[in-house]
Amino acid sequence: MESGPEAFAGVAFALFGAGLLVWTAVCARTGTPVADGVSRPVATVTTLLSGVVFLATGCWLLLSL
């Protein structure tokens, strides 16, 4: 019963992280800006790191069930 919220949070984090990584890759490949008002390399690196952290957190939550 207590693993339900942990599983939901793990799935949410993993899906958000994966989506963020895919979105960043598409933006970087097509040349569209990742974030408005920020230099392209800084925005890309920051978004990639955030995506990896979210994906790793989601996987860790799902594996610790």
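Predicted, not measured: the structure shown is a model, and the values here were computed from it.
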Item to check | Minimal non-hydrogen separation, Val34 against Cys27, with atom names | outcome: CG2-CB, 3.9 Å
Item to check | Cluster overlap Val38 with Leu48, hydrophobic side-chain contacts below 4.5 Å | outcome: no
Next on the checklist: Determine whether a donor-acceptor pair (N or O, by modelled atom type, separation under 3.5 Å) exists between the side chain of Ser64 and the backbone of Leu61.
Outcome noted: yes
Checklist entry - With hydrophobic residues grouped by side-chain heavy-atom distances under 4.5 Å, do Leu20 and Trp60 end up in a single group? => result yes
Item to check | Within one Ile-Leu-Val-Met-Phe-Trp-Tyr cluster: Val52 and Phe54, side-chain cutoff 4.5 Å | outcome: no
Next on the checklist: Please list all pairs meeting ring pair (Phe, Tyr, Trp, His ring centres under 6.0 Å) that have one or both residues in residues 20-47, counting only residues at least two apart or in different chains.
Outcome noted: none
Next on the checklist: With a 3.5 Å distance limit and no angle check, can you tell me whether Arg40 reaches the backbone of Thr32 through a side-chain donor-acceptor pair?
Outcome noted: no
